[in-house]
Amino acid sequence: MSRVGTQIELRVDGVAHGGWCVGRHEDQVVFVRHTLPGERVRVVVTEETKRFLRADAVEVLEASPDRVSAPCRFAGPGKCGGCDWQHASLEAQRRIKAQVVAEQLRRIAGIERDVEVEELPGHPDGLGWRTRVRFAVDADGAAGLRRHRSHDLQLIDECLIAHPEVDRLGVHELRWPGVSEVEAVASGSTADSAVIVTPRGARQPALPRPKASSAMLRRFKGGRTQPIRGRRGIREQAAGREWRVSAGGFWQVHPAAAETLTAAVLTALAPKPGETALDLYCGAGLFAGALAEAVGPDGRVLGVEGQAEAVRDAQHNLRDLPQARVDRGDVASRLREWADLRADVAVLDPPRAGAGSAVVEALAALRPRAVAYVSCDPATLARDLAAFAAAGYTLEDLRAFDAFPMTHHVECLAVLGRG
């Protein structure tokens with residue numbers, strides 16, 4: 001008989017990637033949300049496999065000293081799945097994330113390393129930082145956030161981790177008939193904002209006006225966006241420059257992350273005038289711009305990005321830096337085309353799925369003296385670090401940043417050199 005829906009008591013003794021804690025019941029591993037290491041809890045089983053159970057803690061029998069009251073009333077078992085650690089102090093959240101990163105490095109890459117997760121400036125309470133929030137829309141046109149591992153919606157009247165400018169748009173207060181998703185986007189450094197709607201059908205439905213002035217765009221299948229009203233993108237400021245970013249494109253969601261990561265990448269790579277630098281998965285060109293200024297007019301920066309709108313943004317953003325060139329293409333294919341290139345340094349910021357062995361091997365074949373790998377997923381980072389090790393590169397430094405407070409996500413910067 002299935003144990004889904006039944007209650008059991010257990011003690012939690014560890015953490016796992018993805019916002020879970022780990023316990024055992026009758027010699028079976030149980031992954032539990034809404035608890036903390038060291039706690040004894042009563043849980044409800046939510047999923048059963050042959051190898052393990054998943055569960056939600058519904059009663060805390062012995063509490064951890066790191067436990068706090070969740071600031072958001074929509075955080076908890078069966079509610080919004082956007083936050084994982086609202087019941088933990090921010091210091092405990094960072095310790096937990098450090099443990100997860102260290103465990104992934106050890107288990108997947110065979111790397112033993114102590115990890116510290118650094119706080120980003122500007123949001124000491126861990127709230128009000130998220131500059132992009134994607135809402136799902138139900139059949140009645142109400143916008144909400146998905147519950148954990150579910151298509152069901154949690155209707156809300158506020159999101160405490162959303163940036164105030166996102167909240168001002170009032171997406172969750174409006175009705176969106178004929179729409180499947182609404183994404184609210186706000187700049188972390190300027191007054192720009194945008195709302196992106198994904199219609200359920202081919203025709204564009206009648207749309208409400210957001211509560212605050214903003215651009216409005218439509219998203220098509222495949223991710224392409226088209227302006228309905230206002231500009232196509234938003235402006236961001238970081239690393240001493242202004243950046244145009246398509247509303248549906250990639251930019252760090254924490255207001256301090258772009259500045260912090262750019263400074264960390266420059267410190268890690270120490271690019272010199274006249275050198276050649278690569279920026280792989282370069283997005284709107286943030287790292288390429290910083291590298292281009294560092295290598296100067298006698299150097300060069302080659303960027304590769306697969307998303308067409310991001311390439312246009314990057315080319316616009318770097319138009320005053322003739323030593324920087326950004327092309328659209330597949331990263332692995334472009335690296336193979338550059339087999340005879342002399343590359344001194346490289347930065348790569350791939351999507352959550354990571355770079356993969358083909359990219360790692362092709363980049364290593366160019367023999368850059370230093371590589372900076374920016375990652376939002378410690379598991380795929382560890383996998384790729386193992387591939388770099390096989391290609392002759394060693395991990396020289398690793399920094400981790402709490403760019404996603406209250407969630408299980410963490411941003412890492414791995415610095416590699418030729419061994």
Side-chain angles (χ1 to χ4, degrees), residues 71-75 80 82-83 120 122-138 140-146 153-200 204-220 223-238 242-259 284 309 313 403-407:
C72 178
R73 64 184 180 279
F74 302 112
C80 174
C83 291
L120 291 186
H123 298 267
D125 59 359
L127 305 175
W129 54 269
R130 190 173 186 91
T131 56
R132 289 177 179 267
V133 179
R134 184 171 292 192
F135 297 85
V137 181
D138 67 16
D140 297 323
L145 301 173
R146 295 204 185 275
L153 294 194
Q154 172 68 60
L155 299 182
I156 62 171
D157 54 26
E158 63 178 347
C159 174
L160 292 186
I161 66 170
H163 192 280
E165 294 302 311
V166 167
D167 195 53
R168 286 182 64 241
L169 296 171
V171 167
H172 57 279
E173 302 175 37
L174 303 170
R175 290 284 167 168
W176 303 87
V179 170
S180 61
E181 285 187 341
V182 183
E183 186 173 10
V185 182
S187 168
S189 53
T190 72
D192 292 352
S193 60
V195 173
I196 309 171
V197 297
T198 304
R200 293 184 183 274
Q204 179 181 301
L207 300 171
R209 280 193 171 267
K211 299 270 181 152
S213 176
S214 73
M216 180 81 76
L217 299 95
R218 172 178 177 169
R219 176 177 277 121
F220 295 88
R224 181 175 65 88
T225 60
Q226 180 184 69
I228 299 172
R229 182 177 63 250
R231 59 167 55 99
R232 180 182 295 273
I234 61 175
R235 293 166 299 169
E236 295 283 0
Q237 293 177 349
E242 183 172 276
W243 306 88
R244 186 187 78 183
V245 184
S246 295
F250 173 78
W251 189 262
Q252 290 287 338
V253 294
H254 192 293
E259 188 82 39
E309 288 182 334
D313 288 340
F404 312 91
M406 304 296 175
T407 80

Closest non-hydrogen atom pair between [X] and [Y], with its separation:
X      : Y      : value
Ile228 : Val197 : CD1-CG2, 4.3 Å
Pro255 : Thr131 : CG-CG2, 4.1 Å
Gly230 : Pro227 : O-CB, 3.9 Å
Val137 : Leu153 : C-CD1, 3.9 Å
Leu155 : Ala142 : CD2-CB, 4.0 Å
Pro205 : Pro177 : CB-O, 3.5 Å

Filter on side chain to side chain donor-acceptor pair (under 3.5 Å), then keep only pairs touching residues 169-180, sequence neighbours left out; what's left?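 Pairs touching residues 169-180 that pass the test: Glu173-Lys211.
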If you define the side chain from C-beta out and look only at heavy atoms, does anything of [X] sit under 4.5 Å from [Y]?
X      : Y      : value
Ile161 : Cys83  : yes
His123 : His254 : yes
Val182 : Ile196 : no
Ile234 : Glu236 : yes
Leu145 : Ile156 : yes
Glu183 : Val195 : no

Are any side-chain N or O atoms of [X] and backbone N or O atoms of [Y], one a donor and one an acceptor, separated by less than 3.5 Å?
X      : Y      : value
Arg232 : Thr225 : yes
Arg132 : Ala247 : yes
Ser189 : Gln237 : yes
Asp192 : Ser187 : no
Thr190 : Arg235 : yes
Asp125 : Leu127 : yes

Quick check on Arg168: does its CZ atom have over 12 non-hydrogen neighbours (other residues, nucleotides or ligands) under 6.0 Å away?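 Atom CZ in Arg168 is not packed in, count stays at 12 or less.
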Give, for atom CZ of Arg231 and atom OG of Ser214, the distance between the pair rounded to the nearest 0.5 Å.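 Answer for the CZ-OG pair, Arg231 versus Ser214, is 11.5 Å.
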State the CZ-CG distance between Phe135 and Leu174, to the nearest 0.5 angstrom.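 If I round to the nearest 0.5 Å, the distance is 10.0 Å.
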For the pair Glu309 and Arg224, find out whether any cationic side-chain nitrogen is under 4.0 Å from an anionic carboxylate oxygen.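 Looking at Arg224 together with Glu309, the answer is no, because their closest N to O distance does not fall below 4.0 Å.
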Partners passing salt bridge (charged side-chain N to carboxylate O under 4.0 Å, His left out) against [X] (at least two apart in sequence or in another chain):
X      : answer
Arg209 : none
Asp157 : Arg73
Arg218 : none

Would you kindly say whether Ser193 and Glu165 are connected by a side-chain donor-acceptor distance under 3.5 Å?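 There is no such pair (donor and acceptor under 3.5 Å, judged by atom type) between the side chains of Ser193 and Glu165.
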In chain order, what residues pass the side chain to side chain donor-acceptor pair (under 3.5 Å) check against Thr407, with sequence neighbours excluded?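 Side chain to side chain donor-acceptor pair (under 3.5 Å) list for Thr407, sorted by chain: empty.
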Not counting sequence neighbours, which residues clear side chain to side chain donor-acceptor pair (under 3.5 Å) with Gln252? List them please.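 With neighbours one apart ignored, the set is Glu411.
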Indicate the ring-plane relationship of Trp243 and Trp251, choosing parallel, tilted or perpendicular according to the 30° and 60° boundaries.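 Tilted.
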